[in-house]
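These notes are about the structure you will find just below.
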Amino acid sequence: VWNGGMAEFLNASIGRLSFSATGLHYQGQAGAALVAGQGLAVLVGLALTLSSGTWQRRFGSLPLMAWAGLWLAGGVSLAMEVQQPEQYAIAGGTAVVMLAMMHRTARIWAPRKKKGGKKGKDGN
């Protein structure tokens, strides 16, 4: 990619027409910088979601949600351009990943009950 090549994560074609998913198409030095930045953001986000601190986990979930949203937008946009069963399957798969990421993020952001807290006068 750095030397002028091209890399695509999601693409589709009909005959001679070819379509690429926005944000998942990388070409040249700008594309190499974009893919490196996205990869770094995802790795840092994943590492933060595995940490023990609440705010680190919450902050780490944000780039992962953005990455899943980018894939969902790419999959759906290609399914709209190229209406074939394979593209519908890709769009469905990216939707499943996005739903799983939304569920995980909701669990990370949900308030947690403190363990071993003091009980009130009535024992509750």
Side-chain angles (χ1 to χ4, degrees):
V1 172
W2 184 261
N3 294 324
M6 181 178 65
E8 298 174 302
F9 283 117
L10 284 179
N11 62 8
S13 60
I14 299 176
R16 300 181 124 192
L17 295 176
S18 181
F19 302 95
S20 300
T22 304
L24 297 171
H25 172 86
Y26 311 98
Q27 188 169 4
Q29 294 177 347
L34 180 62
V35 75
Q38 287 178 357
L40 182 62
V42 168
L43 289 175
V44 168
L46 180 60
L48 287 173
T49 62
L50 299 174
S51 70
S52 60
T54 301
W55 285 105
Q56 288 90 350
R57 285 194 312 274
R58 289 178 177 175
F59 183 71
S61 70
L62 299 178
L64 297 180
M65 279 291 293
W67 181 248
L70 181 65
W71 277 82
L72 176 62
V76 170
S77 69
L78 290 179
M80 290 169 51
E81 293 286 341
V82 179
Q83 297 165 354
Q84 297 176 344
E86 299 86 20
Q87 292 307 127
Y88 295 141
I90 289 170
T94 58
V96 168
V97 170
M98 183 65 180
L99 288 172
M101 194 61 229
M102 288 171 64
H103 174 69
R104 183 170 192 244
T105 300
R107 289 185 51 121
I108 288 172
W109 281 82
R112 295 189 174 222
K113 295 179 183 178
K114 296 189 181 219
K115 294 181 181 178
K118 291 186 177 183
K119 294 183 179 182
K121 292 181 182 179
D122 60 357
N124 293 326

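- The side chain to side chain donor-acceptor pair (under 3.5 Å) test applied to Ser77 returns no partner, not counting sequence neighbours.
- Distance check, rounded to the nearest 0.5 Å: CH2 of Trp109 to CG of Leu62 gives 5.5 Å.
- In this structure, Gln87 and Leu78 approach most closely via the heavy-atom pair NE2-CB, 3.4 Å.
- Hydrophobic clustering (side-chain heavy atoms under 4.5 Å, transitive across Ile, Leu, Val, Met, Phe, Trp, Tyr) groups Leu34 together with Val42.
- Hydrophobic clustering of Ile, Leu, Val, Met, Phe, Trp and Tyr side chains at less than 4.5 Å, counting indirect connections, unites Met80 with Ile90.
- For the pairing with Leu64, the side-chain contact (heavy atoms from CB on, under 4.5 Å) check across Thr105, Thr49, Ile108, Val44 returns one residue only, Thr49.
- Hydrophobic clustering, with ILVMFWY side chains joined whenever heavy atoms are under 4.5 angstrom apart, groups Leu72 together with Met102.
- Here the side chain of Arg57 pairs no donor or acceptor atom with the backbone of Leu50 at under 3.5 angstrom.
- Residues Leu99 and Val97 do not share a hydrophobic cluster, defined by chaining ILVMFWY side chains whose heavy atoms lie under 4.5 Å apart.
- The minimum heavy-atom distance between Gln83 and Tyr88, with the atom names listed, is CB-OH, 3.2 Å.
- Clustering ILVMFWY residues whenever any of their side-chain heavy atoms sit less than 4.5 angstrom apart, transitively, puts Val76 in a cluster other than the one holding Val96.
- The main-chain N or O of Leu48 is found under 3.5 Å from a side-chain atom of Ser51 such that the two form a donor-acceptor pair.
- For the residue pair Tyr26 / Gln38, a side-chain donor-acceptor distance below 3.5 Å is found, with atom types taken as modelled.
- The minimum heavy-atom distance between Pro63 and Gly45, with the atom names listed, is CG-CA, 3.9 Å.
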Item to complete: In sequence, state the C-alpha distance, the side-chain angles, and the governing distance for Leu24 and Leu70, and then conclude on side chain to side chain contact (heavy atoms under 4.5 Å, CB included).
Response: CA-CA 8 Å; Leu24 297 171; Leu70 181 65; 3.8 Å; yes
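- The two residues Ala91 and Gly75 have their closest heavy-atom pair at CB-O, 3.7 Å.
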Item to complete: Show your reasoning for whether side chain to side chain contact (heavy atoms under 4.5 Å, CB included) applies to Met98 and Met65.
Response: CA-CA 7 Å; Met98 183 65 180; Met65 279 291 293; 3.7 Å; yes
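- Scanning all heavy atoms of the two residues, the minimum distance from Ala110 to Arg58 falls at O-NH2, 3.7 Å.
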